[in-house]
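Since the structure comes first, as structure tokens, the remarks are kept for the end.
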2 protein chains.
Amino acid sequence: MQTRRYHHGDLRAALLVRAEQTLREKGVAALSLRELARDLGVSHAAPSRHFKDKQALLDALALDGFARLRETLVASQVSVGESFAERLGALAHAYVDFATGGAELLDVMYSVKHGPAASEELIAAGRQVGELALELIAEGQRRGEVRDGPAERISQPLFTTLHGFADLAVSSMLPLGVVEEGLDDVIAYMLRGCAPD
Amino acid sequence: MQTRRYHHGDLRAALLVRAEQTLREKGVAALSLRELARDLGVSHAAPSRHFKDKQALLDALALDGFARLRETLVASQVSVGESFAERLGALAHAYVDFATGGAELLDVMYSVKHGPAASEELIAAGRQVGELALELIAEGQRRGEVRDGPAERISQPLFTTLHGFADLAVSSMLPLGVVEEGLDDVIAYMLRGCAPD
DNA sequence: ACCTGAACACCGTTCAAGT
DNA sequence: ACCTGAACACCGTTCAAGT
């Protein structure tokens, strides 16, 4: 047993960690500020110093999610071949793995509920993920493996497909088991959509 | 003022109608069974006869949403040219319009939260929507405007893209204003992905 | 600055009892 | 069968007060 200080130390960070755990285990609906406070041994009013709202907590969770998603995607590119096909494949698998590995988090990240208030930051974070697709396309164009044209106009549809697959997989709207082989079809289809004439 | 009977008449249907209105106006988070009951002039315990759970209400709402989405998509095909490109364009616009016209509903439809319990029906409803894409592809193949191969393996990526775009648009993760012209790029990209060699 | 305790106005869900 | 009323165990949020 540790003696517990009056000040928690870093309640904000602790709340986020615990919240994501609960999110993963019991879903958004079961996420309660009061329970979080209980779990961390602080009063139920304590969280309000760090998150003005339950929504503010969710926003922070989503922001964190985007940061980690970005890291995951970047990491997927380090030890992979240089061809566009290989890089796209690695990116796609990484995105889908992230999604299926944390379905509830993805739901929160792309939830409509991020009111126009603090969502500025969130949308920027989301956009940063999309930019990875942009870089991928630009590089593919340099290599002559992707058709010419404004890179955003190719990367946007591509990212759209990637996200759509991940979202469908996560909401179990994809024929189960199809998630794995289905992704390969999706990747092939994306390659077609990006290929030079 | 009507005299109010003891029996509501069709409380179940009334709950669904009112719930979707609230969903549209104030979001899922603000949807409360007690408030619904208040609005309809019944006791707060009355809804439980028709929906064992708040989740059961949401599931019913989602099921309804899928049915209407299906109707919308079918309707989009009636007065449109016969070419694959035209039919796909019509379908895509219809899907995105449905999504942006009822963002909160789409969120509920594709939410992770439909527990494995009653979700059987929901997943079937979702799958029915996907089947429209399947028919589109099959017809396109007959016309020689879509490449050969198992239709599902082409329609699945296509539907994935469609849904991804709608979902991103709805969660405001798409560069605003890009939703309109962006869709055209996505349609062109889908056509590429489906085109014969 | 950070947290507590009490208070307020809500929830979802259940269950005996009424019609 | 369908609904009511009361009860239970929760919520989020606010705000004076404590350290």
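In the text below, chain A, chain B and the rest are named by the order of the sequence lines, each starting its count at 1. All values below were derived from every heavy atom in this structure, side-chain atoms included, with hydrogens, water molecules and symmetry-related copies excluded.
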d(NZ, K26(A); P, dC10(D)) in whole Å: 12 Å
Atom-pair distance (CZ on R34(A); C1' on dC8(C)), nearest Å: 11 Å
Below 4.0 Å: OP1/OP2 of dC10(D) and any side-chain N or O of S32(A): no
Between dT13(C) (P) and F51(B) (CZ): distance, integer Å: 13 Å
Trace of the side chain to side chain contact (heavy atoms under 4.5 Å, CB included) decision for L158(B) with L88(B): CA-CA 10 Å; L158(B) 181 120; L88(B) 173 59; 3.9 Å; yes
Interatomic distance, Q55(B) CD vs dT13(C) C1' [rounded to whole Å]: 15 Å
Pairs satisfying salt bridge (Lys or Arg N to Asp or Glu O under 4.0 Å), at least one member in residues 82-103 of chain B, at least two apart: E82(B)-R143(B), R87(B)-E139(B)
Qualifying residues under salt bridge (Lys or Arg N to Asp or Glu O under 4.0 Å), relative to D39(B), sequence neighbours excluded: R18(B)
Sub-4.5 Å side-chain heavy-atom contact between F84(A) and L191(A): yes
Min side-chain heavy-atom separation Y189(A)-T161(B) under 4.5 Å: yes
Members of residues 43-50 of chain B that approach DNA chain C, where some heavy atom sits under 4.0 Å away: H44(B), A45(B), S48(B)
Among dC3(C), dT13(D), dG12(C), the nucleotide that comes nearest once only the side chain of L33(B) is considered: dG12(C)
Euclidean distance, atom NZ of residue K54(A) to atom P of dC10(D) [Å, nearest integer]: 15 Å
Duplex segments of DNA chain C, taken as runs of at least three Watson-Crick or G-U pairs that stay under 3.5 Å: C:4-8 with D:12-16, C:12-16 with D:4-8
dC11(D) phosphate, OP1 or OP2, under 4.0 Å from R38(A) side-chain N/O: yes
Donor-acceptor pair, side chain of E145(A) and main chain of A195(A), under 3.5 angstrom: no
Of all pairs that satisfy ring-ring contact (aromatic ring centres under 6.0 Å, His included), the ones with a partner from residues 36-68 of chain B, not counting sequence neighbours: F66(B)-Y110(B)
Value in whole Å for how far the P atom of dT13(C) lies from CG of L57(B): 10 Å
For atom CG of L40(A) and atom C1' of dC3(C), their distance in whole Å: 14 Å
R24(B)/E20(B) ion pair, N-O < 4.0 Å: yes
Rounded distance in Å - CG (L31(B)) to C1' (dC11(D)): 16 Å
Residues which pass side chain to side chain contact (heavy atoms under 4.5 Å, CB included) with R153(B), listed by chain and number, not counting sequence neighbours: D185(A), P150(B)
